[in-house]
Q: 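Got a structure here, written out as structure tokens. Questions coming.
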Number of protein chains: 2
Amino acid sequence: MTTAAPAPSTRDLPHPAREEIRLEGVLHALSDPVRLRIVRELAHEGVALSCSHFDLPVTKSTTTHHFRVLRESGVIRQIYEGTAKMNGLRRDDLDDLFPGLLDCVLTAAGRQAGRRLGN
Amino acid sequence: MTTAAPAPSTRDLPHPAREEIRLEGVLHALSDPVRLRIVRELAHEGVALSCSHFDLPVTKSTTTHHFRVLRESGVIRQIYEGTAKMNGLRRDDLDDLFPGLLDCVLTAAGRQAGRRLGN
DNA sequence: GCCTTACTACGATGGCTATCGTACGAGCCG
DNA sequence: CGGCTCGTACGATAGCCATCGTAGTAAGGC
């Protein structure tokens with residue numbers, strides 16, 4: 001019965017509706033290196049990941065802050081799953097609002113990272 | 001003075017080279033409403049425009065600041081032309097570094113503006 | 001019941017930044 | 001020359017923001 005449905009209803013996190021997502025907010029969220037890295041990894045894995053999955057060069061407090069910025073700007077969706085908090089990209093919403101934007105940013109980020117490494 | 005300056009103008013502005021343009025910097029530059037508006041207008045007109053061409057809801061000091069941010073992040077190129085300073089999008093550089101990114105952002109901004117007006 | 005794991009909330013802090021006003025320099029034009 | 005327009009520089013200010021540490025809550029395992 002509660003296998004595929006959102007069972008843990010104890011804590012619910014506020015997310016902006018699709019129409020409330022603002023381009024400026026998304027761009028600002030993506031303009032931070034730590035957050036861009038998170039988004040890149042989420043896109044690369046393709047599935048929702050727990051916060052602890054990431055190995056970021058900041059403390060856990062700061063990590064929480066970055067995930068909140070991403071959620072409040074509409075870039076990711078956060079759902080509690082037991083003790084873990086799963087983070088998933090809001091690909092459908094973003095692609096509908098800003099077609100191609102996410103892919104462009106991800107491609108650009110990948111190219112930039114590649115340029116820095118071996119070029 | 002009669003300094004026999006070889007340059008067309010005694011004042012030359014520092015621009016980042018193409019390889020120095022960082023994605024995070026560009027996204028941050030575009031995440032400000034005033035700057036996004038400037039970039040949209042530059043893209044729409046398609047030619048370099050003087051600073052005074054824009055009717056922005058901020059003072060001239062702040063306008064100068066925003067243009068500098070755009071220049072230092074690599075989004076625009078600024079050239080003195082007599083008493084005016086002409087601002088042009090660095091389309092070629094941006095399209096080469098981040099293919100499609102600028103167009104995606106501009107399209108998204110246009111759609112968002114349209115949604116706010118009457119839709 | 002207790003301990004561990006996962007994450008949050010709160011307060012502090014230093015830095016960045018958007019904004020302004022005022023004073024100034026650089027070209028044009030009467 | 002004297003002013004006029006365009007844009008800059010500098011200083012100030014207020015707000016945001018990335019970061020941290022510490023203390024606390026929620027869920028699950030022993």
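In what follows, chains carry the letters A, B, and so on, assigned in the order in which the sequence lines appear, proteins first and then strands, with residues in each chain numbered from 1.
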Q: Just one of A:Ile38, A:Leu89, A:Val69 clears the side chain to side chain contact (heavy atoms under 4.5 Å, CB included) bar with A:Ile76, so which one?
A: A:Leu89

Q: Does the B:Asn87 side chain pair with the main chain of B:Gln78, one donor and one acceptor, at a distance under 3.5 Å?
A: no

Q: How close or far is atom C1' of C:dT17 from atom CG of A:Asp32, stated in whole angstroms?
A: 15 Å

Q: Side chains of A:Ser61 and A:Thr64: any donor to acceptor distance under 3.5 Å?
A: no

Q: Salt bridge or not between A:Asp96 and B:Arg111? Use side-chain N to carboxylate O under 4.0 Å.
A: no

Q: Give the C-alpha distance, both sets of side-chain angles, the deciding distance and a yes or no for side-chain contact (heavy atoms from CB on, under 4.5 Å) between B:Leu101 and B:Leu94.
A: CA-CA 8 Å; B:Leu101 179 62; B:Leu94 292 176; over 6 Å; no

Q: Near DNA chain D, which residues from residues 61-70 of chain A have a heavy atom under 4.0 Å away?
A: A:Ser61, A:Thr62, A:His65, A:His66

Q: Once you round it to whole Å, what is the distance between C1' of D:dC16 and NE2 of A:His28?
A: 8 Å

Q: Between B:Gln112 and A:Leu23, is there a donor-acceptor pair closer than 3.5 Å when you use the side chain of the first and the backbone of the second?
A: yes

Q: Could you tell me the separation between the NZ atom of A:Lys60 and the C1' atom of D:dT22, rounded to a whole number of Å?
A: 13 Å

Q: Mapping A:Arg35 and A:Thr83 to their closest nucleotides on DNA chain D, which lands nearer the 5' end?
A: A:Arg35

Q: Strictly by salt bridge (charged side-chain N to carboxylate O under 4.0 Å, His left out), give each pair with a member in residues 60-79 of chain B just once, sequence neighbours left out.
A: B:Arg77-B:Asp93

Q: Between D:dG7 atom P and B:Ile76 atom CD1, what is the distance in whole Å?
A: 12 Å

Q: Once rounded to the nearest 0.5 Å, what's the spacing between atom CG of B:Leu49 and atom CZ of B:Phe54?
A: 4.5 Å

Q: Heavy atom of residues 36-59 of chain A under 4.0 Å from DNA chain D: which residues?
A: A:Val58, A:Thr59

Q: Check the distance between C:dC28's P and B:Glu81's CD and give it to me in whole angstrom.
A: 11 Å

Q: Looking at CG of A:Asp32 and NE2 of A:His66, how far apart are the two atoms once the value is rounded to the nearest 0.5 Å?
A: 4.5 Å

Q: How many Å lie between OH on B:Tyr80 and C1' on C:dG27, as a whole number?
A: 12 Å

Q: Expressed in angstrom and rounded to an integer, what is the separation of A:Leu13 atom CG from D:dT25 atom P?
A: 18 Å

Q: What is the distance, to the nearest angstrom, from the CE atom on A:Met86 to the C1' atom on D:dA27?
A: 15 Å

